[in-house]
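In what follows, a single structure is set out as structure tokens and then discussed.
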Amino acid sequence: MSDLLRLDGGGETLLLQTRTGPPRLAYWGERLPLTLDEAALAILAERAVSHGMLDGGEGLGLFPEAGQGFTGHPAFECHRDDGGFVTQLAPVEATQGVDSATIRLADAAAGVEVVLTVAMDAETGVAAFSSRIGNLGAAPLHLDWVAAAALPATHDEALVFDGRWAREFHTVRQRIATGLVVKENRTGRTSHHSPPFMVLGEPGFGEDHGEVVGLHFAWSGDHRLLVERLRDGRLQVQAGELFWPGEMTLAAGETYETPRLYATRSGGGLNGLSARFHPFVRRRILGDRLTAKPRPVNFNTWEAVYFRHEMEELKALADAAAAVGAERYVLDDGWFKGRPNDTKGLGDWTADPVKYPNGLGPLVDHVRGLGLEFGLWVEPEMANADSDLLRAHPDWILGVAGRDQPLGRGQYVLDLTRPEVSDHIFACISALLSDHAIGYLKWDMNRDLTHPASAGRPASHNQTRAVYALIDRIRAAHPGVEIESCASGGGRADYEILRRTDRIWTSDCNDPIERQQIQRGFSIFFPPEVMGAHVAAAVNHTTGRRTSLDLRALTALFGHFGIEADVRAFSEAELTALRDWIEVYKAHRALIHHGQIVRQTYADPAVVATMVVDETGALASFAQLDTATYASPDPLRLVGLDLDGLYRVRLLNPPRPPSSGMKFAPALTSGEVVEATGRLIETMGLPLPILRAGGIAVFHLERIGQV
Ligand code: DGJ
């Protein structure tokens with residue numbers, strides 16, 4: 001009988017060795033022939049053991065345990081009240097399915113059972129790893145750490161994500177020379193500073209070269225990602241939920257299952273990973289939710305009026321937004337009872353009687369009358385200390401009795417693990433959706449969970465699950481409603497929240513210079529149609545920087561386009577340009593929202609260049625964020641086109657005199673059209689205009705044939 005379980009997908013093969021010892025990832029790489037020489041595989045998998053190590057060496061399996069003599073970071077740590085902490089799991093059963101495999105392990109003496117599941121998406125080759133722990137004993141089993149899996153890594157250059165409010169999705173590279181590199185999140189939401197994804201690759205890997213593995217832990221609460229250089233030189237990577245002390249205890253017969261760790265491999269650098277993850281997200285995470293209709297142009301009121309909600313002004317904004325081509329109007333924070341600013345009112349989900357004496361109806365009707373969808377901002381998980389809700393139910397918050405906890409934006413986190421709290425919030429949101437023609441919710445979440453306790457016990461895990469359950473319940477009751485995931489900008493962006501939401505608010509920073517970097521990082525794991533991207537005022541509200549309308553609009557073009565500004569204050573020229581760019585977005589959104597993102601590499605560090613390509617053509621963007629290094633820009637050598645495809649290329653925004661700083665302007669930069677093959681465009685490149693800091697050039701490449 002074969003010792004191997006085998007999964008194939010996306011041109012890859014993954015082999016698990018299971019029956020003769022702790023389960024191990026034996027092979028993960030390009031697809032293998034159906035017939036395998038298992039003896040040869042076994043010989044190739046051997047590794048020398050040095051003096052100074054345990055006699056049998058240390059197995060680095062899918063689920064390494066200290067009890068088996070593994071001295072690195074174990075995949076599993078638990079203990080019992082009587083002091084028991086050793087586990088020695090042995091395989092009991094291995095099941096091969098069509099696109100998944102499960103391995104059951106047990107330790108009767110420890111009273112522990114573990115089921116490891118590995119699934120492989122047949123189309124994209126994205127694998128999903130998870131583990132389930134069962135308490136077979138009579139006494140409680142305390143779980144201290146449970147990794148979804150431990151994966152061996154071949155390469156030691158890690159690209160991890162870092163960021164902060166208004167500066168999300170920045171990447172940091174580091175080599176793992178020794179010990180552990182740990183990225184932890186203890187904020188109770190996916191986080192700005194440590195979102196649960198990383199890439200490990202061969203040193204120097206780039207956008208389109210190098211062997212890389214991408215890892216995405218699908219969880220919106222506390223987590224830990226770690227990469228470790230073991231003492232014998234091997235590398236392992238793990239991801240799991242981060243439990244608060246004593247948080248996860250299994251009573252007799254209970255089980256705990258980790259969130260899924262999604263991982264995929266590519267020999268083609270970061271673009272190769274995106275080429276697997278994006279279609280995976282589209283087909284397996286979002287399903288057909290987003291393909292059913294084109295993504296409408298959003299207009300969001302936040303940076304236009306903030307908390308100043310005045311009916312005539314809000315209607316006038318809707319008129320102005322409709323006139324430039326908006327298709328959805330999202331009423332942001334400030335609409336509900338007692339909300340003059342962010343210090344009060346959260347939790348009281350009825351329209352403010354002063355700002356809306358006749359309720360939301362007149363505004364909804366006005367917006368709908370213009371032919372726009374109506375969307376509404378909510379922050380269901382929170383309540384201000386100064387709210388009717390907390391005055392009536394001061395005990396409805398997460399916290400530890402007798403302990404003060406810091407406020408965040410003047411608010412506390414509601415204890416959604418309590419059914420009466422969840423029921424109340426569900427009833428409030430559901431009533432809003434039933435009473436009004438609201439097609440969209442912007443679901444915000446604006447503070448960290450610092451004391452995530454319920455009934456005297458840590459409850460970060462349960463709270464995260466309760467948030468999922470609340471969203472699921474709202475979706476089930478109102479299947480047509482779309483939901484945007486927002487947490488002070490991009491603080492809740494992960495594949496598990498995306499299962500139940502339709503869009504991510506990428507960042508509160510709408511400055512296109514910052515956005516180019518933010519969107520680049522975001523685009524590694526997420527496809528463009530879920531990336532909220534708005535055109536804001538000329539002088540940006542978070543950075544104070546002034547940018548051109550073209551840069552703002554053409555940066556937003558590569559995501560889910562929106563407007564977030566008082567468009568009434570725009571000049572006629574700006575309004576015309578915005579209207580035109582919205583037309584361009586509408587003309588090309590089918591391409592942008594199902595094409596493949598291919599980030600481009602360009603020698604000038606002040607440039608961000610990217611392309612989205614499908615069978616109909618491509619859009620390519622070249623953004624000059626700072627002063628160019630050289631006097632005359634090198635051509636844009638676009639990778640990712642069909643080399644034998646014939647393209648008609650046109651610069652969408654030829655520089656307008658007198659701002660063009662060129663004595664001689666190449667024909668293409670003056671708006672002329674060229675027809676060329678992908679091979680010519682990749683090798684010779686497209687001539688670029690000379691751009692000042694803050695300039696942008698966007699090309700449309702219409703595919704007109706094949707050579
Ligand atoms: C934070 C969000 O990220 C913003 O877009 C806005 O909705 C504010 N909250 C409203 O309070």
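Read the numbers this way: they start at 1 and go in the same order the structure lists the ligands and their atoms. We count residues from 1, following the sequence as given. None of the values given here were measured: they were computed from a predicted structure.
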## Note on the structure
Ranked by distance from atom 4 (C) of ligand 1, the top protein heavy atom is D508 OD1, 3.4 Å

### Query
Against heavy atoms of R409, which atoms of ligand 1 measure under 4.0 Å?
9 (N), 10 (C), 11 (O)

### Message
Tell me whether E310 at atom CD has more than 12 heavy atoms from other residues, nucleotides or ligands lying less than 6.0 Å away.
### Response
yes

### Which residue and heavy atom of the protein sit nearest atom 1 (C) of ligand 1, plus the separation
D444 OD2, 3.0 Å

### Summary
One finds that the ligand 1 atoms under 4.0 Å from a non-hydrogen atom of G489 are 3 (O)

#### Entry: Residue and atom name of the nearest protein heavy atom (relative to atom 11 (O) of ligand 1), distance in Å to one decimal
D333 OD2, 2.6 Å

### Message
So if I count the atoms of ligand 1 from 1 in the order they appear, which ones are less than 4.0 Å from some heavy atom of W505?
### Response
3 (O), 5 (O)

### Task
Tell me, yes or no, whether the heavy-atom count around R260 atom CZ, taken from other residues, nucleotides or ligands under 6.0 Å, exceeds 12.
no

### Query
When rounded to the nearest 0.5 angstrom, what is the spacing between CG in D395 and CG in D415?
9.0 Å

### Message
Within the structure, is a non-hydrogen atom of E564 found at a distance of less than 4.0 Å from ligand 1?
### Response
no

### side-chain contact (heavy atoms from CB on, under 4.5 Å) involving S548 - partner list, sequence neighbours excluded
D550, L551

### Task
Go through ligand 1 atom by atom and flag the ones less than 4.0 Å from a non-hydrogen atom of K442.
4 (C), 5 (O), 6 (C), 7 (O)

### Task
Using a strict cut-off of 4.0 Å, indicate which atoms of ligand 1 neighbour a heavy atom of C486.
2 (C), 3 (O)

### Summary
The reported gap from CZ in R500 to OG in S220 (rounded to nearest 0.5 angstrom) is 7.5 Å

### Message
Can you report which non-hydrogen protein atom sits closest to atom 7 (O) of ligand 1, along with the distance?
### Response
D332 OD1, 2.7 Å

### Task
Sequence neighbours left out, what passes side-chain contact (heavy atoms from CB on, under 4.5 Å) with R409? Give chain and number order.
W302, F307, D333, R339, D342, E379, Q411, N446

#### Entry: Part of N446 with heavy atoms under 4.0 Å of ligand 1, whether side chain, backbone, both or neither
side chain

### Query
Nearest 0.5 Å, what's the CE-OG distance between M382 and S387?
12.5 Å

#### Entry: Among F526, F525, Y262, the one residue meeting ring pair (Phe, Tyr, Trp, His ring centres under 6.0 Å) with F280
Y262

### Query
Can you tell which part of A487 has a heavy atom less than 4.0 Å from ligand 1: side chain, backbone, both or neither?
neither

